[in-house]
Amino acid sequence: MRVTSGEHPDIAHVRLSDTDMGVFRDAAEFIYPAAREWPEAVFLDEMEKEASGLAAFEFAGLAGMLEEFGTHGSWRVVVVHAPPPVTAELIPTPDRYLEPVENGLLKSDIHRGLILGLAEWYGYGYDSQQPGNIHNNVIAIAKESRQGISANAHLQLGFHTEDASYNLGEGYNVSPDWLTLHFLRNPDRVPSLVSLPDLGELSADARDALEEPFYINRTNPGQGGDANNADRPVSVIYYEAEDGSPWVRLNTEFLEEDIKDGDYSAGQRAALAELKALIDGAAVELDNRPGDIVLVDNRRTWHGRKEYGPNQKPRYDGYDRWQRRLVAADSAERIQAHEIDPRIVSPAKMFGAMAVGTAATS
Ligand SMILES: O=C(O)CCC(=O)C(=O)O
Ligand SMILES: [Fe+2]
């Protein structure tokens, strides 16, 4: 295994040796016949066990690297170049969201499952997004015209931290620490975007404003949209990191509207505009190929997608761009507090608990 630095000093690429590639392939072959029968939650439990064996020996180097990444104090994005899916084994790219019974386990899911296990991250899904599925499909959908949803190929997907609107402070946070995007197909090489700004470049005024709890993030349409916005303002920059470094929660998709005329003060709007400019200026394109597993530190990184260009339009022929998304947390307990099924979290349940908590203290 070699670690090379990439498009930005905070982006690392993991280049696996032929032996490592073989371990991934063999593990997938061996586990798949049984794993395809397991519910997703059971599958992830099993991957944790499987990975702990590999971490001791075959994948000790990778486990060590992921442990360092997992501190939230080193790289902000790691791309593991895992074996690409075997073309003959991969089902057509879906052109709509799948029901859980249709959304079977793929052999490639085992590669990412092992990485989650090595990193000791807790993978989960939502009852508000592709409900019942823990592995979500990121695909283009022909009739999708809403802004801010990954399935809309006509528009750029604006920079966001994943599920920013569900990050409402201690006890009320079901947003992921880690976002994993696993590329199965990307024939026209539509890039994902990440933004890695240096918050030290913000003016003191902007930073002071962004550390105050005034902002309500908009929930993306794929997560239920405005109906799932919280009734609780938060600070955009917050401090929960062990090393004291700033963390961020912000969906910039609808930020222009808030900057123009939201319910916010002139100083707050100026601070949001300054941060937006900083984020846009720190954009990096990721040229993802099948097999790439992009691991994003969702506390310190924004991500999005460029619009599909004129020669990149989806064809809906089964071979379009397709990635699997799995979100993950450092602490299983933080998520389990708001679960309705194993590894399925319910933001509505969290909002309900929040309302009760507020009533009790007011
Ligand atoms: O399509 C992409 O590259 C990014 C999608 C995205 O933001 C997500 O799935 O969370
Ligand atoms: Fe996203």
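Both ligands and their constituent atoms are indexed starting at 1 by order of listing. Residue numbers run from 1 in the order of the sequence given.
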Pairing residues for D226 by the side-chain hydrogen bond (donor to acceptor under 3.5 Å, both in side chains) criterion, not counting sequence neighbours: N229
As a quick check of understanding, evaluate side chain to side chain contact (heavy atoms under 4.5 Å, CB included) for L210 and L272, giving each step before the final call. CA-CA 8 Å; L210 295 167; L272 290 170; 4.0 Å; yes
Before accepting this row, confirm whether a basic side-chain N of the pair E46/K49 lies closer than 4.0 Å to the acidic partner's carboxylate O. yes
Taking the N/O/S atoms of H160 one by one, which is nearest to the Fe ion (ligand 2)? NE2
Side-chain donor-acceptor contact under 3.5 Å, S235 with R249: yes
Can you report which non-hydrogen protein atom sits closest to atom 9 (O) of ligand 1, along with the distance? R325 NH1, 2.7 Å
Can you tell me how far the CZ atom of R25 sits from the NE2 atom of H111, to the nearest 0.5 Å? 7.5 Å
Under 4.0 Å from one or more heavy atoms of R321, ligand 1 contributes atoms 1 (O), 2 (C), 3 (O)
To the Fe ion (ligand 2), the closest N, O or S atom belonging to E162 is OE1
The Fe ion (ligand 2) reached by D163 (N, O or S, under 2.8 Å): no
For Q323, the ligand 1 atoms whose distance to one of its heavy atoms is below 4.0 Å: 1 (O), 2 (C), 3 (O)
Under 4.0 Å from ligand 1, counting heavy atoms only, is it the side chain of L181, its backbone, both or neither? side chain
For H160, the ligand 1 atoms whose distance to one of its heavy atoms is below 4.0 Å: 7 (O)
Of all N, O or S atoms in H303, the one closest to the Fe ion (ligand 2) is NE2
Between L157 and ligand 1, which part of the residue brings a heavy atom under 4.0 Å of the ligand: side chain, backbone, both or neither? side chain
Could you tell me whether S150 and ligand 1 have an N or O pair separated by under 3.5 Å? no
As an exercise, identify every atom of ligand 1 less than 4.0 angstrom from a heavy atom of E162. 10 (O)
Could you go through D258 and R218, starting from their C-alpha distance and side-chain angles, then the distance that decides it, and tell me whether this counts as salt bridge (Lys or Arg N to Asp or Glu O under 4.0 Å)? CA-CA 10 Å; D258 291 334; R218 309 279 184 95; 2.9 Å; yes
Under 4.0 Å from a heavy atom of S192: give me the atoms of ligand 1 that qualify, with their elements. 2 (C), 3 (O)
Quick one: look up the protein heavy atom nearest atom 4 (C) of ligand 1 and list residue, atom name and how far away it is. G304 O, 3.8 Å
Here the gap from R321 atom CZ to L184 atom CG, rounded to the nearest 0.5 Å, amounts to 11.0 Å
Does this structure show an ion pair linking D127 with K349, if we count only N-O contacts that are shorter than 4.0 Å? no
State whether R299 and E240 are salt-bridged, where the test is any N-O pair (Lys NZ or Arg NE/NH1/NH2 against Asp/Glu carboxylate O) under 4.0 Å. no
